[in-house]
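Only one structure is covered here, and it is reproduced in the block below.
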Amino acid sequence: MRGSTHVPFTSLVWRLGLAAALCCWAIELAGPISKTTLPAYASGAPTSGTILIDPGSIRRTLPNTFFGINYSAYYEPAEGSRASARALAQTPIRVVRFPGGSPADSYDWQDPQTYGTSHTSPLRLWTWARSFGATHILFQTNFRGNIPNPPGRSYAANSPQNAAAWVQYDQRLHIPAAMEVGNEEDWHLLHRADDPAYQTYIDGFNAQARAMHQVDPHLAVLGPVGMNVWYWLNLDGLKMFLRGAGNRYGSGQVGGITLHFYDGSDWNNAMRSPQWWLSPHGPWAAIENIVRAYDTRRLPVYITEWNLGNRDQHNTFTPTLGHALAVADMIGAFAVSGVAGQDYFTIHRSDGWGLLYGAHDARPADSPMPTYYAMALWDHMGRRVLASQQTDDAASVLSSYATSGKSGSIRVLLVNKRPTAHHVVIELQRRSPAGHRLHIYRLSGAAGSVSDLDAIYDGVRMPSPQHRLPGPINGGVVHGNRLTYTIAPYSAVVLDLAGTTPAPRLRWPALPAPVAVPPLKVTVSGAVGARALRAGQTQAIGATVASTGAVGSVIVDMEVYDSQGARVCQKDQTVSLSGVPVTVSGSCSLSSTAWSGTYHLKVGVFGANWTPLYAWNDNAATFAVDGVAWPKVRVAGTVQPSSVSAGDQVTLAADISTQDAPLTNALVDFELYEGSKKVWQTAQTSVSVPEGASRSVSVAWTVPMSATTGSYVLKVGVFGATWKPLYAWNDAAASFIVK
């Protein structure tokens with residue numbers, strides 16, 4: 001689950017009238033509905049586009065693990081209700097992730113009632129999940145020590161033994177579960193690219209995975225459970241994890257990748273999130289490249305938490321029709337890209353990221369939000385994803401996804417992102433829709449606005465999921481070799497064509513380029529109040545953001561870096577960009593021990609979830625600081641003896657010298673490597689060296705009996721007391737041989 005974000009990363013309401021919310025069609029068909037019955041749209045004449053589908057080209061078949069959801073063990077009293085199970089039964093969701101995000105840090109699977117906050121055991125969870133047809137469970141093991149040792153057990157919480165015992169429990173009760181180690185540990189440990197502190201999680205993952213694989217060698221153990229794009233991509237969390245757990249350079253213990261994806265803030269930017277995911281420079285392309293580089297297997301990638309909207313509390317976007325349309329589109333992007341499973345976050349709460357209203361919510365518990373019906377739409381799509389292309393700009397006009405069912409049916413999902421009706425012509429390669437019946441499932445707003453809290457699903461206003469949802473609209477029998485349809489403003493539909501007949505191959509002309517909305521351009525500049533000041537004083541900082549159009553809510557991030565490149569201050573402010581320049585201001589108080597030199601102000605503009613990055617100015621302003629001189633530190637290393645056997649003790653020493661200034665309260669990091677694999681790490685704290693002097697710091701390492709023979713390399717670093725700044729690093733301080 002998302003928490004407070006500590007990283008560098010307006011709703012436009014259209015009033016169209018009730019008639020605009022009614023979906024309509026202009027299909028070549030024989031039946032009770034004809035073109036002459038089309039309602040008039042208040043927003044003007046429909047625009048047009050073409051979709052080309054090749055039923056003979058299957059891009060992929062969605063696995064049984066594709067549709068999932070998070071069950072939060074602690075925070076929502078309505079979780080696990082019979083009503084929620086009845087609602088989920090009318091969606092394609094068949095995987096449950098438990099205990100659902102951050103509760104993993106304090107959930108005791110052996111004694112769920114330890115704190116009186118959870119009454120759901122793994123067995124009760126599985127019983128509830130089976131009641132609506134779930135076939136798989138994803139359990140999260142503990143990683144951080146937020147729970148006491150299990151009473152009467154001989155192993156500690158969060159330990160490999162604890163995780164292995166959970167697997168044995170699953171086997172005994174025949175619970176079909178995969179295991180995910182921890183939850184968003186990068187948020188706690190990964191503060192910069194290639195942060196050595198993150199190795200703690202990687203080592204812990206490998207230890208738990210080995211223990212679980214000893215119980216079940218074929219068990220899928222998943223990680224790194226990355227928080228969001230900033231951590232697992234921008235800070236290289238996924239690369240670091242696979243370097244240690246993939247099979248090219250690491251343990252090979254990981255059986256699949258799990259990441260979290262949160263993007264967008266409101267309709268204006270969330271509607272573009274699916275196309276960003278699929279873009280050549282988007283997250284999915286980066287994930288594929290990283291996995292190929294660090295693992296020879298085609299590791300499945302699971303997005304075990306995701307949603308669109310700017311926060312998990314006090315979120316006004318979640319209960320709207322716009323959120324439902326964006327979610328329907330995002331699922332399509334996951335399906336097309338190759339994601340093995342996506343677990344929506346979560347079941348309940350309208351002010352967070354739920355499908356249903358929760359206890360003490362704005363509406364009765366387990367009543368639906370429009371996004372629930374977006375999930376129901378996907379229940380009518382097939383599992384085989386077909387190749388298709390379109391003329392419309394998918395990010396701003398209309399997105400489409402095509403699938404086929406086992407019976408040969410063709411299903412097409414359309415999402416209209418514009419306040420005007422849109423006329424679509426659908427053509428099939430080597431197939432014709434003529435003579436086959438069409439059924440239509442549709443979702444729109446009660447008043448035709450993306451801000452609507454009530455939806456019309458298959459002609460009924462907010463039908464209860466406690467009863468069978470209304471059936472599809474009968475579109476009649478199609479005549480002709482084309483399927484044409486006019487989709488209402490701000491709506492989504494699934495066109496379910498019962499079958500096709502052979503037809504000559506179409507000689508499709510080259511499709512014109514999509515007519516796209518001009519791209520938004522965002523610029524940002526910065527300023528400081530004083531050109532020079534002394535350590536201990538406060539600097540005024542500011543930024544001015546301009547855009548060429550409406551962007552919606554954005555975060556303006558202002559960061560100050562000292563003369564050694566370390567960030568000493570960060571201020572952010574959320575504003576709304578509508579094409580008019582916006583100025584924000586703040587202040588940065590310097591420490592009395594701040595380093596001397598030139599300081600830099602860097603400013604950026606991010607989406608409300610710190611993604612995407614709209615603009616970044618790496619040198620917005622500079623100022624001089626008269627402070628403490630920076631020590632020039634050098635570090636060398638020695639090892640005694642130079643040749644040892646398993647069971648022997650090795651003395652590792654770091655020889656540190658400093659010039660220009662004293663070194664105070666430093667941390668000395670010792671790391672041992674066998675080739676590219678780290679085998680041991682420790683640190684000495686509170687190390688000080690006077691100016692112009694030197695000092696030796698040593699530690700001892702006992703060679704494990706399981707150590708392999710060969711050459712070992714000592715790497716030594718000198719850091720500040722909190723692992724920053726980095727004063728000196730020696731990548732090859734010394735070496736020795738294990739015989």
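The figures here come from the full heavy-atom set of this structure, side chains too, leaving out hydrogens, waters and symmetry mates.
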How long is the span from the OH atom in Tyr198 to the CG atom in Asp194, to the nearest 0.5 Å? 12.0 Å

So, taking the atom named SG in Cys569 and the one named CE in Met558, what distance separates them when rounded to the nearest 0.5 Å? 8.5 Å

With a cut-off of 6.0 Å (strictly less than), are more than 12 heavy atoms of other residues, nucleotides or ligands near CZ of Arg292? yes

If you draw a 6.0 Å radius around CZ in Arg297, do more than 12 non-hydrogen atoms from other residues or ligands fall strictly inside? yes

Lys/Arg-Asp/Glu bridge criterion (N-O < 4.0 Å) met for [X], [Y]:
X: Arg534; Y: Asp626; result: no
X: Asp236; Y: Arg192; result: no
X: Asp343; Y: Arg97; result: no
X: Arg248; Y: Asp295; result: no

Under 6.0 Å from the ring centre and within 45 degrees of the ring axis: does the NZ or CZ of Lys677 meet both conditions for the six-membered ring of Tyr249? no

Cation-pi, Tyr294 ring and Lys239 (6.0 angstrom, 45 degrees): no

Indicate, with yes or no, if the rings of Tyr561 and Tyr599 have centres closer together than 6.0 Å. no

Kindly say whether the aromatic ring centers of Trp166 and Phe139 come within a distance under 6.0 Å. yes

Distance alone, cut at 3.5 Å: any donor-acceptor contact between the side chains of Gln110 and Asn162? yes

Dump the intermediate steps for side-chain hydrogen bond (donor to acceptor under 3.5 Å, both in side chains) on Asn247 and Thr296, then the final yes or no. CA-CA 7 Å; Asn247 72 356; Thr296 61; 2.8 Å; yes

